[in-house]
Each structure stands twice: as C-alpha cells, then as structure tokens.
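Okay, so here's the structure we're looking at.
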Number of protein chains: 2
Amino acid sequence: MPIEIPAVVIDRLPTYARALTFLEDQGRDVVSSQELGTILGVTPAQIRKDLSYFGRFGKQGRGYNVRRLALELRQILGLDRQWSMILIGVGHLGQAILTYDGFQPQGFIIVDAFDVNEGVVGSKVGGVNVHAVSELREYLQKRQVDIGIVAVPADEAAPIIADLIAGGVRSILNYAPTSVPVPERVQIKNIDPVLALQSMTFYLKNGGVE
Amino acid sequence: MPIEIPAVVIDRLPTYARALTFLEDQGRDVVSSQELGTILGVTPAQIRKDLSYFGRFGKQGRGYNVRRLALELRQILGLDRQWSMILIGVGHLGQAILTYDGFQPQGFIIVDAFDVNEGVVGSKVGGVNVHAVSELREYLQKRQVDIGIVAVPADEAAPIIADLIAGGVRSILNYAPTSVPVPERVQIKNIDPVLALQSMTFYLKNGGVE
DNA sequence: TGCTGTGAATCGATTCACAGCG
DNA sequence: CGCTGTGAATCGATTCACAGCA
C-alpha cells in the first residue's frame, strides 16, 4: 500500500498553493514553513508534515523555493489542467454561479447548464447554454464531465445527485442546503453559508461575557 | 471548567437541526439515532455522543422526540432569535448575497451594506442601503452588529476584517478567496468554492483507475 | 426488547523535538 | 547556523460495547 494520505491534508494543499502564488507575484523566491504558517494561520510543523507526504521540496537551512513548490503543488492537485463542469439549477443562485468570474481563471470551466424551468431552457446565461434537466442522463452518456455543480432546491438535490453519479460524475459541488450521502468513490463538497452562520451563533450566544 | 465542547460537534449540530425540521414537516414524532444517521450519513454513535454534551434528550428503547429535540437544538445554537449582519462588498458576489432569499427565513438579517465604489454607494440593493466603506468604522461604533459578511476582492479582505474586529464584530463569514488569521475570540468561516474544487481534483486525477 | 447515554478503547491528526544537511 | 524532514509523543475525535432504563 502506498501510504494513505489524510483527506485533511489534501484540503489544506490548495491554501498552500494559493499563498505560494501570492508570494510568486510578490517576486519572492524563498519561503520558510515558519513564514508560510504565519500567512495562513497554521503551524510550521503542520506544513512540513503535510508536504512530506509528497516529497522533499525544501532545502535545509533555507526553506522552500517558491516557484518550485508552487509548481509541485499545482501538479499534485491537478491545477495545471482544465476541468469541465456542468451546472444543474439555473435559478437566482445558479445564475450567480454562471456569471461568477472566479472559476474560469483557475481552470474550472462550466460547459453546460440544466434546469427544469421551461422559461430558461434554451437560453444562454453567462455564455452557457441551458438545457432541460430531462436531458441530463442522456447528456452524461455522450459527454465526459469532471464535476457537477448542484444549485437546485433542497428537495430536488438527491435525485439530481443520483443522476450525476449514475452518469459517471465523480466530484460534486453541492450548493443545495441538504446533506446527501454518496458512495465512497464519489467526492461531494457542500457550500452552505447558512450552516456556517448557524454554528457561529452558538459562540455568539455563549462565549460573550468571559 | 464546564467541559469544553469540541468545535466539530458544534459544526454538526446545525445539520441535525435541519434534518429534525425536515422530519417535523413530515409529521414524524420520534426518531432514533440510527435513522437520523442514515439521513445524514453519520454514525448513530456520533449523534448520541454529540447530543450527550448538552443533555439527555432521548428515551431508551424509543429514540428522540422530534419536536422536542429540534427545539432544544435551536435553542442551544441560538436559532430561536434573529441575528443582524452587515455586508461589505457589493460587487457581483455581494449583490447575489443581498438578493439571496435563504438567510432571512433562518433569522439572519442583512441590515446594511458597504462598498468603495461611488457608483453603488447611496443605492439600495435587495432592499438594503449601500454605504461608503469609509463610514464602516464609525457605523460600528454606533450600531451593534452580530455578523460581518465579507465579499470584497482578496487583497482588500484583511483590512476590512481588521475593521470589523476593531468594531466589535465577533463572527465573520468570509467569501473573499484568502485566509485571514483572526484572534481566538473571533469566529471566521470561509466560503470558498474554488478551494473545494481544487481539493476534489486531487482525487479526480488519482483514484480514477483502481 | 430496543434504544439511549457513556466510559473505555481505538483510531487519526497535530505537535514536539531533534538528527542531519546545505 | 537555520531550517527541513520525520519518527515519537501527545492530543483529540470517533467508535465500541454494554449497563440501564422505558
């Protein structure tokens, strides 16, 4: 077995990659785990340990070459290529996602969108064609899609996600406010601002007067 | 010391509360940790352990009273009241946040918004007045705000967050694609879809052919 | 009997601390 | 000398397993 890399480590790598890109833009060419940790609010030991799962990228006594480490991380994560995505749900939220300009520059391309609403089907939003959801299954048989973005109401999410998985989609970004359990081979990440707010209020309510 | 409750537990409670609300709407009046676990994709033991930090809400041999447990959790989390929020950054993303209809029904009210752009300052978006960011510090001296939502470009996030903290805001929902370390007494949650995508690609790239 | 609540056991992640190299 | 890379130690979270109650 080639040593199992903890998922928490994988989740941190993109933040490292981002900080390194920032340092690159600043023209910095060396950085220590100490300094990187300060930028990100993480301990230096954790950064070193995380990186050690993938290789030995540093120079003792100096630190890490910024450009080199940035390149390595991008390659490890697959950020050196483009990924195709489809969006399901072209309501308010879906339209915001289609016109969001943060995906494309990072190599994440929304190639098609789907909705149940006849009013929007056949139109173009943010340069992307909107198809009928009824065509989703058939579509997935013809085209290979890397990532599905789900932006439908909570009660419609489960069947859509089932369709995506049946169609061979292995990564899902779920904006619907509901937890949908998926098979182990499928990745799902939930974007749920209300959930984030609802746990912060616990600390607002308590922790106040100490 | 009154036993420290792990943050991971607090993070899970809102999902439990949501599932219970769903069951309430279905007219269900009893649920076991087993069934709740199946709905949420979590082990029954974890649910029981999590709840045990706060009290003994179940009946042996039966399970939990849905209405009762829902009420308890809402009270524990402070979901039985309203929370005031301000938004900083009224660009594309900020406007989507202002017109998002998922916050208000859960008791999260955006009371004011701020932006640097003269073009939008003075206008109303989604029923919310947009003020100049230069007035933010002064505003926070007069008004008590529970939560700050940050939707500015990455390079402007740190100073805005510093202003919020200086103004007494203790919880921040950060949509800016950057990690900003904050003092321990301040809660910050990042909403970062690109980061989520960038860790999923690791598994797309590998794990494919096994 | 069927389930909760919970100590004990396990599992996993973080931090420590230092040998070793540039 | 300063910093990395990494086993060992610690810390924390999850799961087990069962006593006890309805």
Side-chain angles (χ1 to χ4, degrees), chain A residues 1-16 19-20 23 28-70 72-73 76 179 181 184 199 202, chain B residues 1-16 19-20 23 28-70 72-73 76 179 181 184 199 202:
Chain A
M1 256 169 305
I3 334 160
E4 194 53 66
I5 296 162
V8 280
V9 172
I10 304 301
D11 286 343
R12 279 190 294 264
L13 295 188
T15 66
Y16 300 168
L20 287 161
L23 289 168
R28 291 287 308 277
D29 42 48
V30 172
V31 69
S32 65
S33 59
Q34 175 65 244
E35 184 181 2
L36 204 48
T38 303
I39 294 172
L40 293 169
V42 159
T43 65
Q46 182 155 83
I47 293 173
R48 295 201 303 275
K49 176 68 97 177
D50 286 353
L51 296 177
S52 77
Y53 284 100
F54 302 94
R56 307 161 59 132
F57 307 116
K59 293 259 184 293
Q60 281 120 327
R62 292 192 36 76
Y64 300 89
N65 178 294
V66 172
R67 166 176 290 279
R68 156 101 192 288
L69 186 54
E72 293 278 6
L73 286 178
I76 290 164
S179 320
E184 195 159 356
S199 56
F202 174 81
Chain B
M1 259 170 301
I3 333 159
E4 196 51 65
I5 297 163
V8 279
V9 172
I10 304 301
D11 286 343
R12 279 190 294 264
L13 295 188
T15 66
Y16 299 168
L20 288 161
L23 289 168
R28 292 288 307 279
D29 42 49
V30 172
V31 70
S32 66
S33 59
Q34 173 67 245
E35 184 181 3
L36 204 48
T38 304
I39 295 172
L40 293 168
V42 158
T43 64
Q46 182 156 84
I47 293 173
R48 296 201 302 276
K49 175 70 97 179
D50 286 353
L51 296 177
S52 77
Y53 283 101
F54 302 95
R56 307 160 60 130
F57 307 116
K59 293 259 184 293
Q60 280 119 329
R62 291 191 38 74
Y64 300 88
N65 177 295
V66 172
R67 167 176 290 279
R68 156 99 192 290
L69 186 55
E72 293 277 6
L73 286 179
I76 289 164
S179 321
E184 194 159 355
S199 57
F202 174 81

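Just so it is clear, the structure is predicted and the values come from calculations on it, not from any experiment. Each chain gets a letter, A, B and so on, in the order the sequences are listed, and its residues count up from 1.
One donor-acceptor pair, N or O on each side, does fall under 3.5 Å between the base of dG5(D) and the side chain of R48(A). The base of dG22(C) has none of its N or O atoms less than 3.5 Å from a complementary donor or acceptor on the side chain of R62(A).
At whole-Å resolution of the value, CD1 in I47(A) and P in dC3(D) are 14 Å apart. Across the protein-nucleic acid pair, Q34(A) atom CD and dC1(D) atom P stand 19 Å apart, rounded to whole Å. Rounding to whole angstrom units, CG of residue L69(A) and C1' of dG5(D) are separated by 14 Å. In this entry the distance linking CZ of F54(B) with P of dT6(C) reads 13 Å, nearest Å. If you measure from atom CD1 of I10(B) to atom C1' of dA13(D), you get 14 Å, rounded to the nearest angstrom. The nearest whole Å value for the distance from the CD atom in Q60(A) to the C1' atom in dG22(C) is 7 Å. We find that CZ of R68(A) is positioned 14 Å from P of dT4(D), with the value rounded to whole Å. Spacing between atom CG of N65(A) and atom C1' of dG22(C) amounts to 15 Å, rounded to whole angstrom units.
Heavy atoms of G61(B) sit under 4.0 angstrom from at least one base atom.
Considering only side-chain N and O atoms, S32(A) lies nowhere under 4.0 angstrom from the phosphate OP1 or OP2 of dC3(D). Between R56(B) and the phosphate of dT6(C), there is a side-chain N or O to OP1/OP2 separation shorter than 4.0 Å. Of the side-chain N and O atoms in R12(A), one or more sit less than 4.0 angstrom from OP1 or OP2 of dT14(C). Applying the 4.0 Å criterion to OP1 and OP2 of dG5(C), one finds that Y64(B) has a side-chain N or O inside that range. For the OP1/OP2 pair of dT14(D) and a distance below 4.0 Å, the side-chain nitrogens and oxygens of Q46(B) include at least one atom meeting the criterion.
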Validation: residues 37-49 of chain B side-chain donor-acceptor distances under 3.5 Å, sequence neighbours left out:
residue, atom, partner, partner atom, Å
T38(B), OG1, Q34(B), O, 3.1
T43(B), OG1, Q46(B), N, 3.3
R48(B), NH1, S33(B), OG, 3.2

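Between V8(B) and D50(B) the shortest side-chain heavy-atom distance does not fall below 4.5 Å.
When the nearest nucleotides of DNA chain C are assigned to A7(A) and K49(B) by heavy-atom distance, the more 5′-ward of the two goes with K49(B).
The shortest heavy-atom contact between R56(B) and R68(B) is O-NH2, 4.1 Å.
For R67(B), the CZ atom is loosely surrounded, since the number of other residues' heavy atoms within 6.0 Å does not exceed 12. For R28(B), the CZ atom counts as densely surrounded, since its 6.0 Å shell holds more than 12 non-hydrogen atoms of other residues, nucleotides or ligands.
Minimum atom distance to the side chain of K59(A) is reached by dG22(C), of the listed dT4(D), dG22(C), dG7(D). The side chain of A45(A) lies closest to dC16(C), out of dT15(D), dA13(C), dC16(C).
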